[in-house]
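To start, the structure under review is shown below, and the notes come after it.
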Amino acid sequence: MTDLVVRGGAAVTAENAIIADIAIEDGRISAIGRELPGAAREIDARGLVALPGVIDVHVHFNEPGRTDWEGAATGSRALAAGGATMFFDMPLNSSPCTVGPAEFDQKRAALERSSITDFALWGGIVPGNRDSLAALAERGVIGFKAFMTDSGLPEFPRSDDLTLYEGMREAARLGLPVAVHAESDELIQSLTARCAVAGQTGIRDFLGSRPVMAEVAAIQRAALLAAEAGAKLHIVHISSGRGVAAAFEARARGVDIAIETCPHYLFFTEEDVERIGAAAKCAPPLRNAHERDRLWGTLLRGVVNVVGSDHSPAPPEMKRDPNFFRIWGGIAGGQSTLAVLLSAGHHERGLPLTRIADLTAAWPARRFRLPHKGGIAVGNDADLTLVDLAASYTVEESSLFQRHRLSPYIGKNFRGAVRQTLLRGQPIFVDGKIVATSPGRFIKPAKA
Ligand SMILES: [Zn+2]
């Protein structure tokens with residue numbers, strides 16, 4: 001017997017959108033069609049849009065070890081409120097970082113207790129841990145993350161070119177992608193040192209120390225190393241249209257390169273950093289309006305593969321310092337990814353809902369081989385978000401579910417509100433409230 005029918009909404013996949021009922025049995029979608037038979041429970045979705053649950057490929061929940069920064073309990077609640085049903089946690093800033101099998105086991109066990117959504121885990125590449133990558137792959141990481149510049153954490157040092165190249169070779173052998181934070185360490189260190197000598201500590205000084213050129217230079221080098229290593233590459237949080245263009249050039253030459261950007265690069269500009277301050281500090285930094293518009297152009301043309309939140313919170317005391325360089329970076333906007341794509345994308349720029357379904361669910365499930373995830377289709381997990389496209393709202397501190405309610409989105413207006421989020425057929429967020437009753441699951445990628 002069918003457990004639940006979601007009735008009469010517009011069901012959106014990466015391919016099309018149709019008005020249909022969605023029947024759910026044992027957490028999976030069992031039928032999609034008009035006027036399906038009744039079920040034990042029904043959700044009236046008439047007038048709503050059913051999108052596949054967002055798979056956020058990039059968050060920092062900092063558990064175990066730094067749950068005072070966030071933790072998966074609050075982090076996953078924020079995601080659920082924003083329409084997400086799964087996330088990929090980065091190997092930092094948990095303590096320990098996920099750079100070996102014991103650290104992986106510790107994180108998996110912690111998140112299985114605390115997360116209300118499903119999750120997967122990134123492993124890390126750091127100098128000296130190449131022999132651990134196979135064990136991490138065996139345990140089910142979805143890929144490996146490396147930094148080309150200072151990560152901010154001494155226990156997760158940047159990868160020099162040889163570390164990155166050899167890590168990529170090993171990742172290629174294991175059939176997994178390598179994600180890189182691509183900014184040129186050499187340029188940034190020199191520009192930062194110059195500011196320090198001159199006593200320049202302001203917001204504009206910080207922005208000037210991390211130019212678009214530094215991003216482009218690192219993307220080009222990462223693409224070269226990946227091509228030599230025969231590795232799949234994933235450039236995280238590309239902040240600029242020129243950065244995407246550099247990655248696209250590499251793709252045109254045959255490099256298997258995935259392009260990720262974040263909602264904040266699509267929504268804000270460097271003028272917003274000056275207005276908002278610490279809550280809008282991130283690296284790479286927000287860019288000028290011209291770069292933001294070019295970034296939108298690449299997304300609308302289908303060059304960008306995925307939009308991840310890079311939800312990266314920190315306690316308020318780390319977000320206060322008269323010297324802007326010393327303020328901990330990271331934007332805690334995990335609840336707002338779909339909001340930005342619906343409001344600034346769909347309503348304001350004509351981004352089709354089918355593209356949103358691809359950018360936030362279908363592409364991540366395909367690329368990372370997530371079984372039964374990523375789309376509204378018979379046989380898939382019933383991971384859904386029901387959205388009222390016409391509803392307008394303003395983000396308020398009180399509506400955020402993250403641990404520290406420091407977000408650049410507070411006070412911003414959006415059109416397109418999440419009404420319900422369902423994980424494997426179970427409502428986890430309904431009309432402003434978290435209603436999850438059981439923890440999420442660790443999801444391992446299918447074998448290549
Ligand atoms: Zn990140």
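Both ligands and their constituent atoms are indexed starting at 1 by order of listing.
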Next item on the list: Look at the N, O or S atoms of His181, main chain and side chain alike, and state whether any lies under 2.8 Å from the Zn ion (ligand 1).
Entry: no
Notebook entry, point to check: Got an N, O or S from His237 under 2.8 Å of the Zn ion (ligand 1)?
Noted result: no
Notebook entry, point to check: For the residue pair Phe414 and Tyr409, does the interplanar ring angle fall in the parallel (under 30°), tilted (30 to 60°) or perpendicular (over 60°) class?
Noted result: tilted
Note to self: Within 45 degrees of the ring normal and closer than 6.0 Å to the centroid, is that where the cationic atom of Arg367 sits relative to Trp363?
What the structure shows: no
Next item on the list: Report yes or no: is the cationic atom of Lys412 (NZ for Lys, CZ for Arg) closer than 6.0 Å to the six-membered ring centre of Phe267, at no more than 45° off its axis?
Entry: no
Check: Which of the N/O/S atoms in Asp310 sits closest to the Zn ion (ligand 1)?
Finding: OD1
Notebook entry, point to check: Where do Phe88 and Phe119 land on the ring pair (Phe, Tyr, Trp, His ring centres under 6.0 Å) test, with the steps shown first?
Noted result: CA-CA 6 Å; Phe88 299 176; Phe119 65 93; over 10 Å; no
